[in-house]
Amino acid sequence: MLIELGRCGPRNMGQIGFMHTERYNPHDVEAKWQKIWNDRQTFVTREDDARPKYFVLEMFPYPSGRIHMGHVRNYAMGDVVARYRRARGFNVLHPMGWDAFGMPAENAARQNNSDPAAWTYANIAAMRGQLKSMGLSLDWTREIATCDPRYYKHQQKMFLEFVKAGLVDRKQSRVNWDPVDQTVLANEQVIDGRGWRSNAPVEQRELTQWFFKIGSCAQELLDALDHLDRWPEKVRLMQKNWIGRSEGLLVRFALAPAGAEETPEIEIYTTRPDTLFGAKFIAVSPNHPLARKAAGTNPALSAFIAECNRSGTSAAALETAEKKGFDTGLKALHPFDADWRLPVFVANFVLMDYGTGAIFGCPAHDQRDLDFVNAYGLGVTPVVCPPDQPPADFIILKTAYEGDGRMINSRFLDGMSVPEAKLEVARRLESALLDNRPQAKRQVNFRLRDWGISRQRYWGCPIPIIHCPDCGAVPVPDADLPVVLPEHVNLAAPGNPLDHHPRWKHAACPLCAKPALRETDTMDTFVDSSWYFARFTDPWNESAPTTPAIANRWLPVDQYIGGIEHAILHLLYSRFFTRAMQKTGHVGMSEPFEGLFTQGMVVHETYKSASGEWIAPKDVRLEIQSDIRKAFAPDGAELVIGSIEKMSKSKKNIVDPDDIIQSWGADTARWFMLSDSPPDRDVIWSEEGVQGAGRYVQQVWRLIGALCELACQPGGQIPPEVSAVSENIRRASHSHVKRVQDHIERLRFNTAIAEIRKLTNALNQFIDDIANTPVPPDAAFAFREAAEFLVRAFAPMMPHLAEACWQQLGYSTPVAEAPWPEIEPRLAASERITLPVQVNGKKRAELSVDRDADLKTIEAEALALEAVMQAMDGKPAKRIVVVPQRIVNVVT
RNA sequence: GCCCCUGUGGCGGAAUUGGUAGACGCGUCCGACUCAAAAUCGGAUUCCGCAAGGAGUGCUGGUUCGAUUCCGGCCAGGGGCACCA
């Protein structure tokens, strides 16, 4: 699907014979200017720059080996912002680095029998070259890679500081365990209850792991969302739901003495204390201490618990799982009636790590409880009656009622609303005593769990802890940091390579010097990406993660750009980490990203052969046969054109940025990526689209050539007399560029590009109009101004073409160092405007008036219009609505 | 199941946020240049209608002088969370 380039023909443009133009050759021009920018250090950010700062950051890439179109889109957007802000007089920081730890390196190394570090650094080198060919205005002197000990040593130090500051926990937690690979699996690595690599049934295991106490910041992380007003509403909402705050009541139930004297009570958490009189049972999680204790004397219960733990925690497994329970024989006393005894079950649907791991079941108003009750025949009593429903007729069979209403069957609560009943129950139980303590207390719970960071893997940041049999978990002393990963590890054996290493894990206890063992778990790679933005502010500091004075000048990031897939984890972790860094004195603020933008994906049509094989776009030839698009394989066989989907290896619908840049140039790729689709939506990569962008590159090059012939020398002054025509040229330049500016500031790159194209179209028209006539000095000035405005307006998107044009216009320094055009407000708004005139809401005519004509004049002129009189059909005007500078509506 | 977003020509989309619906581009068609093709340039392109004119922003009702925009109901597509008590 590649198009041949480089064929030239005589141009044929109006009657003026400008002969200068050769076809623009992106290949040579782009390399040339990339070298010039590099030699001049145009994009190196200096600290001794007094101008206001602007930190633009795109999410840094994982060094997978090659950049993909998603990267091109992401970095093209960031680069527009960076170049625009630079032109607007900001001291811009625009760095790049590598999110370089992670499993793919281990897998690749295992496959190729090589080394994760070598694989990673080779990939970084390849991708750096590709990014450079895009002409991004990056400060490469600040490049960092998270797998570099010079980076992760600070991370290890911060980990220990966080431990000291009470932000880290070490506790048992249940994990998905792959018995074949002998490793922990994330939930998304469990497919249908089996390990994604080994295909072995996944087990639940208790492991002691390190946790960042993100839960302790839940309320703060939630509250601060309200102030992130330059974040997409959608992301804030997703984070809000993820944090999942709920207000409820902790209620203690006394247990009837039944041989369980040591646990005389059970505590549950509920958000529906109002439904307490509808309670039919109590249920605890299989991992609740009470369940475990009871299992000790009851083999059947023990077997039931084991069965619950065997089944996976994956979403799919849970959805289909039936509600199952095991009656412990224990009875709980209803808090408002000691004679009312509720059976206590161990139930598979009760989660241990939310609330207290125990619930009371009210089947009438909770679907899960209803399903459970229907399976075990425990009965249903409705206690909330929907409005407009006689309580006598209200019965619950298979669907629980979770809506609002009035209390029924609830003794002293009867007749109350749900909120009133909640309050009343809380009030009564808070003052009631059980065992000399209040029977209940109000509590806020969060869905957000602490962040488990331990990973049983090699290619990650080692956790700097030494486990001593006598002293326990001991921090590695400062002087011994970083704890560096060993080289030449055996990745072939299952399990954690660090654990297998013959020497690495053996160390002396820093406190007592006895033989001890290093922590062999490494950190989740999300830790690496939770602070890299801060490291960019001073990547040269060897003794600390940041230099606070410098970090505080640059942070927060003014504009962060990346994929929506990181809406929750990466962004939430970074917000937590920034708070932790604030508490440990590394930064002076709590929020890392002032402005966030989430861009859409790059998608492409899919093609499939008759035999069901996916075919790559570059091997497909498209034709239109009698209005129907058809696709053909190289051998001529017709292909099925499939749906448009995210570019992926599995569907082979990938277009390699390298190929595009080679054949079209970076500017064409960038321009196409930014045009058409709004940046937050998906963009469809199409060959026609690239062709259109490539065509525009040539069109601009020709236009600038033509303008050069008509324009005055650089630095010309406005002549005293300016004709109407020249004034119109100037109006076009100023008004369109003003709008380009507005669109870029709102990150509306597609409409910014439409506006630039409008200016090009207008200028082509002006050139045609002036054809064959001498160019007076005022027009020569207007044309020069127009050319310079245009070039500077598209320079953020097509920087190489802009440089070539700028040079053509007679400048010897890069346009990348030139300021944004100075816009005269007088010229950006037109003097005369065209008002649509409606009669009874239907447009019937247009009226051209002065911008600030008074209402009376407009009314009179509107009524005098032929078309208006006709539409009014002799009826008098009842009312005339004139909205200044908008519309006239005559109502009859 | 809960929460959220989006529905506009053949296609991607625009509409100053209640004021000319379809900007800008892609595609298609017609024309110019050419022996020819490519490239380039000009024109047409929401639908119905020869036309005058009429209809039209998923469907449906409402508010308004005026609704793609605001409100109610429905339909379709997409996303997030998911046994969170």
Side-chain angles (χ1 to χ4, degrees), chain A residues 3-4 7-14 23 232-235 237-242 244-246 248 268-272 275 283 285 313 315-316 318-319 321 323 347-351 353-362 365-369 371-372 399-400 402 445-449 564 567-568 624 627 629 672 675-678 681-684 686-693 695-696 698-699 702 739 742 748 750-758 760-761 764 768 834-846 878-881 883 885-892:
Chain A
I3 296 300
E4 244 176 275
R7 287 193 230 174
C8 303
R11 61 189 306 283
N12 172 22
M13 191 170 173
R23 243 184 119 76
E233 191 51 48
K234 182 187 167 133
V235 174
L237 190 72
M238 280 163 72
Q239 293 214 351
K240 190 180 166 207
N241 292 339
W242 186 263
R245 183 183 199 274
S246 74
I268 62 102
Y269 175 74
T270 180
T271 56
R272 294 296 304 270
T275 63
S285 162
T313 57
L318 290 174
E319 195 169 2
K323 306 271 180 292
N348 65 345
F349 66 97
V350 181
L351 303 174
D353 49 1
Y354 185 79
T356 61
I359 61 155
F360 86 85
C362 174
H365 306 290
D366 184 294
Q367 191 59 46
R368 295 156 302 183
D369 297 347
D371 294 345
F372 186 77
T399 310
E402 295 176 1
N445 264 358
F446 295 94
R447 215 192 66 102
L448 181 68
R449 305 290 152 79
I564 185 77
I568 297 174
I624 292 180
D627 279 1
R629 291 176 72 240
F672 172 52
S675 39
D676 287 353
S677 288
R681 283 201 224 166
D682 291 352
V683 62
I684 302 171
S686 74
E687 190 58 27
E688 293 89 345
V690 189
Q691 284 173 26
R695 202 151 51 221
Y696 184 70
Q698 299 297 337
Q699 208 178 312
R702 283 195 306 274
R739 266 170 286 192
D742 294 343
R748 302 284 303 256
N750 57 325
T751 45
I753 279 178
E755 207 61 42
I756 292 171
R757 296 189 92 129
K758 274 188 217 173
T760 342
N761 294 348
N764 271 321
D768 269 6
T834 306
L835 286 181
V837 183
Q838 298 180 333
V839 177
N840 293 328
K842 275 210 164 87
K843 187 193 161 191
R844 298 294 176 180
E846 283 183 348
K878 255 192 234 153
R879 182 177 168 189
I880 304 176
V881 183
V883 184
Q885 295 174 46
R886 286 272 190 276
I887 204 166
V888 181
N889 191 11
V890 182
V891 188
T892 62

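Order of the sequence lines sets the chain letters (A, B, ...), proteins ahead of strands, with each chain counted from 1.
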Write down the partner of [N] under the Watson-Crick or G-U wobble criteria, each distance required to be under 3.5 Å.
{"N": "B/rA44", "answer": "B/rU28"}
{"N": "B/rA85", "answer": "none"}
{"N": "B/rU63", "answer": "none"}
{"N": "B/rU34", "answer": "none"}

- Task: For A/Ser677 and A/Asn750, work out which heavy atoms get closest and say how close.
- Result: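 Reported closest heavy-atom pair: O-CB, 3.6 Å.
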
- Message: Minimum heavy-atom separation for A/Ser246 and A/Thr271, please, with both atom names.
- Response: OG-CG2, 3.9 Å

- Task: Drop me the distance from A/Tyr696's OH to A/Thr760's OG1, to the nearest 0.5 angstrom.
- Result: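 Answer for the OH-OG1 pair, A/Tyr696 versus A/Thr760, is 2.5 Å.
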
- Is A/Arg449 paired with A/Asp353 through a side-chain N to carboxylate O contact shorter than 4.0 Å?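 Yes, A/Asp353 and A/Arg449 are salt-bridged.
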
With sugar-phosphate meaning primed atoms plus P, OP1 and OP2, does [X] contact a base, only sugar-phosphate, or nothing at under 4.0 Å between heavy atoms?
{"X": "A/Arg245", "result": "nothing"}
{"X": "A/Gly692", "result": "sugar-phosphate"}
{"X": "A/Val890", "result": "nothing"}
{"X": "A/Lys878", "result": "nothing"}
{"X": "A/Arg695", "result": "sugar-phosphate"}
{"X": "A/Thr270", "result": "sugar-phosphate"}

- Tell me, please, whether A/Phe349 has A/Lys323 positioned over its six-membered ring: NZ or CZ under 6.0 Å from the ring centre and within 45 degrees of its axis?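 Yes, a cation-pi geometry.
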
- Assert: residue with more 5' nearest nucleotide on RNA chain B, out of A/Leu237 and A/Asn840, is A/Leu237

- Want to settle it: does A/Thr271 or A/Arg681 sit nearer the 5' end of RNA chain B, counting the closest nucleotide to each?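 So the residue in question is A/Arg681.
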
Might you list the N or O atoms of the protein lying below 3.5 Å from N or O atoms in nucleotides 18-24 of chain B, with each pair's distance?
{"residue": "B/rU20", "atom": "O2", "partner": "A/Lys843", "partner atom": "NZ", "Å": "2.8"}
{"residue": "B/rU20", "atom": "O2", "partner": "A/Glu846", "partner atom": "OE2", "Å": "3.1"}
{"residue": "B/rA23", "atom": "O2'", "partner": "A/Lys758", "partner atom": "NZ", "Å": "2.9"}

- Considering only side-chain heavy atoms of A/Asn241, which listed nucleotide, B/rA85, B/rC3, B/rC81, is closest? B/rC3

- Does the B/rC83 base have a donor-acceptor partner in the side chain of A/Lys323 within less than 3.5 Å? yes

- Does the A/Glu402 side chain pair with the main chain of A/Gln367, one donor and one acceptor, at a distance under 3.5 Å?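 At least one qualifying donor-acceptor pair exists.
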
- Would B/rU34 be called syn or anti, given that syn covers angles within 90° of 0?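 Nucleotide B/rU34 adopts anti.
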
- Donor on one side chain, acceptor on other, A/Asn840 and A/Thr892, under 3.5 Å: yes

